[in-house]
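Predicted model, so just to flag it, every value in this text is computed and none were measured.
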Amino acid sequence: MAKIEARDRLIVALDLPDVKAAEAMVERLGDSVSFYKIGLELVYGGGLPLASRLVKSGKQVFLDLKFHDIPNTVARATAQVADLGCTFLTVHAFPQTMKAARGALGASPLKLLAVTVMTSYDDADLKEAGYALGAADLVGRRAQQAKDAGVHGLILSAEEVASMRASLGPAMLLVTPGIRPAGGDVGDQKRVMTPARAIQAGADHLVIGRPVTQAADPKAAADAIVAEIAGALA
Ligand code: C5P
């Protein structure tokens, strides 16, 4: 597995209302943060040009766009994103979708992360939607299908990291949200893990939003998280 520096393991979620607020946050964080996530809210508010600007300025960008459509559309959309210079793109972990996206990457260094089962779904939601498997079994099945499709990594909750690392091996990138520094405000996240524990469990990258962006001193908060990650790697 390639060595990833502690600072590059922190991905700050730019869950902010508009590009102006996002750019102000990036400016404030300066060299403390090297990797940003742009999701659905911001992407419809100027997030793609912002992604290009961030890439030009030397940052890494995770586009959390969760593609899912017929293979032809997924392939064409992925090819568009592949030219932007971003590092990660999410797709839903349906075999057709993952294979179409993987096949459209060409020589691009863009890596695909599969969303196995949305964490807002429980067994009852899946049954209602017509699925025979419960959430845990479906996560396991789709994780294997992602590996078979040549997808580079998975988005998963911190609690799933250790078992997925054991079953999928060292090459699969495991990226986890739901991280809270010890003693931090949990907010609406129900199952949280500290940065150090998530890294020790085998996570490659941590997606962290509010503990950084809503901190009184965001730069100090990011520095503290990177230091905690570095400590867990030592
Ligand atoms: O502010 P917070 O650290 O909770 O932000 C976590 C980020 O990860 C948000 O962008 C959120 O949408 C995303 N996410 C999550 N849980 C998932 C999938 C994505 O919190 N299961």
*Asks:* Has Arg180 got a side-chain atom pairing as donor or acceptor with Thr194's backbone, closer than 3.5 angstrom?
*Replies:*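 No, because the side chain of Arg180 does not come within donor-acceptor range (under 3.5 Å) of the backbone of Thr194.
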*Asks:* Taking only residues at least two apart or on different chains, which pairs with a member in residues 113-131 satisfy salt bridge (Lys or Arg N to Asp or Glu O under 4.0 Å)?
*Replies:* none
*Asks:* What distance do Asp204 atom CG and Thr176 atom OG1 have between them, rounded to the nearest 0.5 Å?
*Replies:* 11.0 Å
*Asks:* Enumerate the residue pairs fulfilling ring pair (Phe, Tyr, Trp, His ring centres under 6.0 Å) with a member in residues 202-234, sequence neighbours excluded, ordered by first and then second residue.
*Replies:* Phe35-His205, Phe88-His205
*Asks:* So if you build clusters from Ile, Leu, Val, Met, Phe, Trp, Tyr with side-chain heavy-atom gaps below 4.5 Å, do Val161 and Val117 land together?
*Replies:* yes
*Asks:* Which residue pairs pass the side-chain hydrogen bond (donor to acceptor under 3.5 Å, both in side chains) test when at least one of the two sits in residues 135-164, sequence neighbours left out?
*Replies:*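 Qualifying pairs, neighbours excluded: Tyr131-Arg142, Gln144-Asp148, Glu159-Arg191.
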*Asks:* Quick one: list whatever passes side-chain contact (heavy atoms from CB on, under 4.5 Å) with Ala232, sequence neighbours left out.
*Replies:*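 Here the qualifying residues are Ala196, Ile199, Gln200.
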*Asks:* Start with the C-alpha distance between Leu154 and Leu173, add both sets of side-chain angles, then the distance that settles side chain to side chain contact (heavy atoms under 4.5 Å, CB included), and finish with yes or no.
*Replies:* CA-CA 6 Å; Leu154 298 176; Leu173 285 167; over 6 Å; no
*Asks:* Partners of Arg28 by salt bridge (charged side-chain N to carboxylate O under 4.0 Å, His left out), sequence neighbours excluded?
*Replies:* none
*Asks:* Applying salt bridge (Lys or Arg N to Asp or Glu O under 4.0 Å), which residue pairs with at least one partner in residues 207-222 are found, sequence neighbours left out?
*Replies:* Asp188-Arg210
*Asks:* Hey, could you give me each pair passing salt bridge (Lys or Arg N to Asp or Glu O under 4.0 Å) that has a residue in residues 61-78? Not counting sequence neighbours.
*Replies:* Lys37-Asp64, Asp64-Lys66
*Asks:* Clusters formed by hydrophobic residues whose side-chain heavy atoms approach within less than 4.5 Å: which one holds Val192, and what are its other members?
*Replies:*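 Same cluster as Val192: Val186.
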*Asks:* Which value, rounded to the nearest 0.5 Å, describes the distance between Ile208 atom CD1 and Leu10 atom CG?
*Replies:* 5.5 Å
*Asks:* Tell me which pairs pass side-chain hydrogen bond (donor to acceptor under 3.5 Å, both in side chains) where either residue lies in residues 102-116, with sequence neighbours left out.
*Replies:* none
*Asks:* Applying side-chain hydrogen bond (donor to acceptor under 3.5 Å, both in side chains) as the test, list every pair that has at least one member in residues 40-62; sequence neighbours left out.
*Replies:* Glu23-Arg53, Gln60-Thr87
*Asks:* Provide the full list of ring pair (Phe, Tyr, Trp, His ring centres under 6.0 Å) pairs with a residue in residues 4-30, sequence neighbours left out, each pair given once.
*Replies:* none
*Asks:* Can you list everything that forms a salt bridge (charged side-chain N to carboxylate O under 4.0 Å, His left out) with Lys99? Sequence neighbours excluded, please.
*Replies:* none
